[in-house]
Undergrad: 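Here you go, one structure.
Letters A, B, ... are given to chains in the order of the sequence lines, protein chains preceding strands, and every chain is numbered from 1. The structure presented is a predicted model; accordingly, all values stated were derived computationally and were not measured.
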Amino acid sequence: MTDAVIQMHDVTKRFGDKTVLDGLNYSLRKGTVTGLLGKNGSGKTTLLKCALGLQTPQQGTVTVFEQPALQLTGEAKARLAYVPQEISLYPWMKVRQIIAYTRAFYPRWNDTLIARLISEWELGAEERVGTLSTGQMQKLSIMLALGHKPDLLVLDEPVAGLDPDARRKFLATLLDIALSGERTVLFSTHITSDLERVADQVAVLRRGKIVYDDELSQLKDSVKRIRISVNGALPADLQDLPGLLICDRDGSSAVFSVQNFSADLPDQLRSQWRAEVAVEDLNLEEIFLELHHQLQDDSQHELEVADAR
Amino acid sequence: MSPRLLFQIHPSSGLPIYRQLMDQVRTLIAAGRIAADEMLPSVRQIAEDLQINPMTVSKAYSLLERDGVLERVRGQGMKVATVTTAQPSVRQRQQSLKPLLEQLAAEAYQLNLTRDQVLAALNPLLKDLK
């Protein structure tokens, strides 16, 4: 009945005394391309692994295709693909051999797509896996994940090792999937510009919880930076503005960002404070920074979590 | 016409991509580069050519349809709405003046002018109006 491909409810994952996921709730909607955004060490990898049943949380429930993530049937597993951050493939195999090997595990396989990607991504079929560069390994690994036309594709930092050209080609492949409308992609990244192009949804992980999950355009529409200047002293109730993120003030002017911007807010501020008001649009990178700036004391938590996996 | 020739998208701009598309469609129509009743490229074509998410394109098209800028042609896609000669309402026309007036009000406030002083300065400029 639900259109959620992955559902995580109250998931807590600890490594020793470090809590990485802290009562996290998340649901991944079918047919979307979702970017999972978070600082280094915020627990993105742990989230993805828990989401697919590759790690067992201490608490909470996870379902994939409405099945418990830890007891997926073979049929369900054949519908998903996961590309981890650290790729390990048999180094002694040739590219064409590892393709044939992977192909044998799946009931459906798209030979045409693979042939096309091999030539587009300039991978030599006769090259040994062990001799490939990091970027080439990443391409190969993504290609192997696409071969069985997964309904759900999960990628952990897929573009980190790719050059701009390969990145574009990879993003184009994601768009092909998006155009199908039926298939779902979830990828983690800290490179916001890639996300801006292909993702329609964005989920932000911070302090072990999903703190934002909505359309990317919605995020850009709702987080804005505002500059005001007044005649005389700044209003005292500036600090109480709902949704205020950061605020810098200097004499009779201030610059601040809000996370629940609405079109009538500037007018409201003009009449409330008799202020001159200017609104600035923020791109995703700036929004990401504003959202994180707010909680400086986060850094302690995130340092502890870093590489706990 | 090729989407690459029609649109210029900046994914890293603060303006959401769907808004960039909406603005550019409006500008293209205003500039006469796409005429009334002319078909626009399909969602798929735009997404593929500009390498952006198809949902984003759909969103822009739907909002333009809601605003009466575009019309959906069943089974074919979107076309530029047939031109209506009716003049926009007074309210709509006032609305387009608003940003300028806001600026005027803010500047006047900064200059410590009174309401009457501003109106007195403005009045002679409006002498050609009815």
Side-chain angles (χ1 to χ4, degrees), chain A residues 29 31-35 167-181 185 191-202 215-225 228-232 252 266-267 270-271 273-287, chain B residues 3-4 7-24 41-64 66-67 77 94-115 118:
Chain A
R29 258 158 294 173
T32 60
V33 177
T34 301
R167 226 156 73 194
R168 263 309 165 83
K169 284 172 180 162
F170 164 68
L171 295 178
T173 315
L174 282 195
L175 282 174
D176 282 344
I177 297 179
L179 281 163
S180 75
V185 182
I191 304 173
T192 50
S193 58
D194 291 322
L195 206 154
E196 281 175 289
R197 201 170 261 282
V198 293
D200 55 272
Q201 301 280 319
V202 55
E215 281 180 28
L216 176 56
S217 55
Q218 185 61 40
L219 181 64
K220 283 191 178 177
D221 281 339
S222 61
V223 183
K224 300 276 180 197
R225 187 182 292 148
I228 60 166
S229 65
V230 293
N231 244 349
S252 60
D267 275 345
R270 276 181 196 111
S271 61
W273 294 334
R274 303 212 63 187
E276 202 178 322
V277 178
V279 178
E280 274 174 46
D281 296 318
L282 298 176
N283 67 26
L284 189 55
E285 184 170 305
E286 293 166 314
I287 291 173
Chain B
R4 273 187 213 248
F7 304 109
Q8 199 174 14
I9 295 303
H10 303 284
S12 300
S13 143
L15 205 59
I17 296 175
Y18 81 93
R19 285 199 182 272
Q20 297 181 31
L21 283 173
M22 287 176 72
D23 290 351
Q24 290 177 28
S42 69
V43 168
R44 168 176 284 271
Q45 200 188 342
I46 294 184
E48 281 177 353
D49 281 20
L50 302 179
Q51 300 262 293
I52 52 177
N53 191 292
M55 304 269 235
T56 311
V57 186
S58 297
K59 181 166 181 167
Y61 273 7
S62 302
L63 289 172
L64 286 167
R66 184 202 64 187
D67 294 350
Q94 280 175 330
Q95 203 62 32
S96 29
L97 263 187
K98 209 173 162 210
L100 282 172
L101 295 177
E102 281 170 349
Q103 208 182 330
L104 174 77
E107 297 265 338
Y109 180 70
Q110 295 286 316
L111 291 167
N112 252 330
L113 290 169
T114 67
R115 192 182 298 223
V118 174

Undergrad: Are any non-hydrogen side-chain atoms of A:Glu215 and B:Lys59 less than 4.5 angstrom apart?
TA: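 In short, these two side chains touch, coming nearer than 4.5 Å.
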Undergrad: First locate atom CG of A:Leu282, then atom CG of B:Leu15, and finally report the distance between them rounded to the nearest 0.5 Å.
TA: 11.5 Å
Undergrad: Taking every non-hydrogen pair under 4.5 Å, which of A:Val277, A:Leu174, A:Asp267 racks up the most with chain B?
TA: A:Asp267
Undergrad: Taking A:Asn231 for the side chain and B:Tyr109 for the main chain, is one N or O donor matched with an acceptor at less than 3.5 Å?
TA: yes
Undergrad: Taking atom CD of A:Glu285 as the centre, does the number of heavy atoms from other residues, nucleotides or ligands within less than 6.0 Å exceed 12?
TA: no
Undergrad: So which part of A:Arg168 gets closer than 4.5 Å to some heavy atom of chain B, the side chain, the backbone, both or neither?
TA: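 Both parts, backbone and side chain.
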Undergrad: Would B:Arg19 and A:Asp221 count as a side chain to side chain contact (heavy atoms under 4.5 Å, CB included) if you check the C-alpha gap in whole Å, the side-chain angles of each, and the deciding distance to 0.1 Å?
TA: CA-CA 10 Å; B:Arg19 285 199 182 272; A:Asp221 281 339; 3.2 Å; yes
Undergrad: Determine whether A:Asp200 and B:Tyr18 make a side-chain contact, defined as any pair of heavy atoms from C-beta on separated by less than 4.5 Å.
TA: no
Undergrad: Locate the shortest heavy-atom distance separating A:Lys220 from B:Pro16; write the atom from each residue and the value.
TA: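 Scanning both residues, the minimum pair turns out to be CB-CG, 3.6 Å.
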Undergrad: How far does OG of B:Ser13 sit from CG of A:Leu284, to the nearest 0.5 angstrom?
TA: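 Here the rounded value is 11.5 Å.
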Undergrad: At a heavy-atom separation under 4.5 Å, does A:Ala275 approach chain B through its side chain, its backbone, both, or neither?
TA: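 Neither; nothing under 4.5 Å.
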Undergrad: May I ask you to decide if B:Ser12's main-chain N or O and A:Asn283's side chain share a donor-acceptor pair within less than 3.5 Å?
TA: yes
Undergrad: Under 4.5 Å heavy-atom distance to chain B, tell me which part of A:Thr192 shows up: side chain, backbone, both or neither.
TA: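 Neither; nothing under 4.5 Å.
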Undergrad: As an exercise, state the distance from CD1 of B:Ile9 to CZ of A:Arg197, rounded to the nearest 0.5 Å.
TA: 8.5 Å
Undergrad: Out of curiosity, B:Asp49 CG to A:Leu175 CG, how far, rounded to the nearest 0.5 Å?
TA: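 Reported value, rounded in 0.5 Å steps: 11.0 Å.
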